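Worksheet: one structure, shown below.
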Amino acid sequence: MTTQITKDINIAATALQSGKVVAIPTETVYGLAGIIYNQEAIKDIYRIKKRPLENPLIVHTHSAEIFPEIAVDIPEAAYKLAEAFWPGPLTILLKKNTVIPDNVTSGLDTVAVRVPSHPVTISLLRELKQPVAAPSANPFGRISPTSARHVLDYFDGRISCILDGGACSVGIESTIVGFEDGIPVVYRQGAVTAAQIKDVTGNVTVKTASTNTPKAPGMYPRHYSPRTPLVVTDNIKQALADFQGLNTVVIGYSKLCRDLVAEKKIILPESGNFEEAAAKLYGTLHYADSINTDIIIAERFPDRGLGSAINDRLTRASKK
Ligand code: TXA
Ligand code: MG
């Protein structure tokens, strides 16, 4: 199979409608999409990604109008969150309606749903009139793709087409929020912060893999990993001393890091804002992984705003 990179929505729509798996751009990361009602396409997504079958997929659609089709017992807070953050990087867990095939949700009684804000994919979803399931377009456990090129590097010859929507503007996966006794619970951190959710709903709890026993099946502690070993540190200087003699690449943001003498160093973000750091994070990790060093040393970000989500991804990337 030759993998076609295209900007043409109709090509992607036709491929999806004929049951094929297509990579699609979103504002967070690229997804590996198949129509949720096509059993073969859903099976192919798991096969191509080598994803464990117990790890459910996120349903992507073009508006919250889908709620009654896919979910039941929808809490008022879910409507508020959809109103406030969609289209955008927020995934909402709802009690699933029976029409949602079990292989999309890995047999769970909940379904994850999100309306992405990428204009190309919104147009595609409108044209399809059917939702797609789309996990991040990387082999299981590897770094998520934030460009069509990243997807091609992973899956050339394995998928029919990649819809090229340019570089992802957010750059890390969506925030995942569910409800326990009506209270919003954040299971994966992302660009929509717990504080922003609280502003809308009045309360919030955070239970991510790094802070708690995972509730969401996909909250594997090790995830998003480069092949080169990665360490996360608050003290770049000390880490460099610790790994003296090894061929290292340093990724950091602070003045300390900027001033540091290191042969290979990537400053993230150059302009000093965390949105930009998140947008560049995976591209930087892909690059750092490609230059044949013994170790990647990454500086921990301050735990505020997007810094928490960035630290979550770095920590998981460091797990062996
Ligand atoms: O930003 C994103 O969310 C990207 C883009 C493509 O939209 N997608 C993404 O999908 O990150 P994926 O499959 O890499 O991560 C989805 C996560 C997994 O950890 C999965 O376990 C969790 O969502 N999830 C999906 N459905 C769930 C459910 N019903 N209950 C709990 N967790 C669920
Ligand atoms: Mg993923």
Side-chain angles (χ1 to χ4, degrees), residues 21-34 36 42 45-46 48-62 70-71 85-97 100-118 120-122 124-125 131-147 150-151 154 162-163 165 168-180 185-192 207-209 214-225 278-279 281-282 309 312-313 316-317:
V21 169
V22 168
I24 57 166
T26 84
E27 77 282 23
T28 58
V29 301
Y30 275 71
L32 207 54
I36 63 166
I42 301 302
I45 290 175
Y46 281 93
I48 294 167
K49 264 187 77 89
K50 296 198 169 72
R51 181 179 177 103
L53 291 174
E54 73 270 12
N55 193 358
L57 309 177
I58 296 174
V59 172
H60 294 66
T61 181
H62 60 82
I70 66 165
F85 300 112
W86 281 356
L90 180 72
T91 293
I92 304 180
L93 298 181
L94 297 170
K95 196 160 171 214
K96 121 183 179 28
N97 196 338
I100 302 297
D102 280 339
N103 62 353
V104 171
T105 61
S106 303
L108 295 179
D109 60 1
T110 52
V111 59
V113 58
R114 120 173 166 89
V115 175
S117 71
H118 198 294
V120 167
T121 289
I122 285 286
L124 172 71
L125 290 167
V132 300
S136 52
N138 50 282
F140 179 68
R142 301 286 301 281
I143 307 164
S144 293
T146 51
S147 69
H150 292 157
V151 181
Y154 283 141
I162 301 171
L163 183 58
C168 302
S169 59
V170 172
I172 56 176
E173 301 81 355
S174 61
T175 305
I176 299 182
V177 67
F179 303 93
E180 292 180 24
V185 181
V186 172
Y187 298 109
R188 179 172 74 182
Q189 293 177 295
V192 174
K207 287 191 185 173
T208 62
K215 152 105 183 189
M219 305 284 106
Y220 298 95
R222 176 170 180 271
H223 221 132
Y224 319 107
S225 296
L281 182 68
Y282 288 154
D312 169 72
R313 302 309 192 271
R316 294 189 210 209

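Values below: all heavy atoms of this structure, side chains included; hydrogens, waters and symmetry mates excluded. When a ligand or atom number is given, it counts from 1 through the structure's own listing order. Index from 1, following the sequence. Quick caveat: nothing in here was measured; it's all calculated off a predicted structure.
Applying side chain to side chain contact (heavy atoms under 4.5 Å, CB included) to V186 and the options I176, V192, T175, L90 leaves one that passes, T175.
Atoms of ligand 1 found under 4.0 Å from any heavy atom of I176 (numbered from 1 in listed order, with element): 17 (C), 22 (C), 23 (O). Within ligand 1, counting atoms from 1 as listed, the ones closer than 4.0 Å to a heavy atom of H60 are 5 (C), 6 (C), 7 (O). Less than 4.0 angstrom separates some heavy atom of P135 from each of these atoms of ligand 1: 10 (O), 12 (P), 13 (O). Atoms of ligand 1 lying under 4.0 Å from at least one heavy atom of E173, given by number and element, are 1 (O), 11 (O).
Every residue was checked against the ring pair (Phe, Tyr, Trp, His ring centres under 6.0 Å) condition with H118, not counting sequence neighbours, and none meets it. Not counting sequence neighbours, D109 has no partner by the salt bridge (Lys or Arg N to Asp or Glu O under 4.0 Å) test.
Of the inter-residue distances, the one linking K49 atom NZ with R142 atom CZ reads 11.0 Å to the nearest 0.5 angstrom.
Proximity of A134 to ligand 1 is established by a heavy-atom distance of less than 4.0 Å. Residue contact check for ligand 1: L93 places a non-hydrogen atom closer than 4.0 Å to it.
Checked by atom type, the side-chain pair E173/S136 shows no donor-acceptor distance below 3.5 Å.
With a 4.0 Å cut-off on non-hydrogen atoms, L57 touches ligand 1 through its backbone and not its side chain. Under 4.0 angstrom from ligand 1, the non-hydrogen atoms of T110 come from both its backbone and its side chain. Neither the backbone nor the side chain of K96 has a heavy atom within less than 4.0 Å of ligand 1. Using a 4.0 Å cut-off between heavy atoms, R51 contacts ligand 1 through its side chain alone, with no backbone atom that close.
Between the side chain of R114 and the main chain of G88, a donor-acceptor pair closer than 3.5 Å is present. In this structure, T26 contributes its side chain and T28 its backbone to a donor-acceptor pair below 3.5 Å.
Put simply, S144 stays out of reach of the Mg ion (ligand 2), with no N, O or S atom under 2.8 Å from it.
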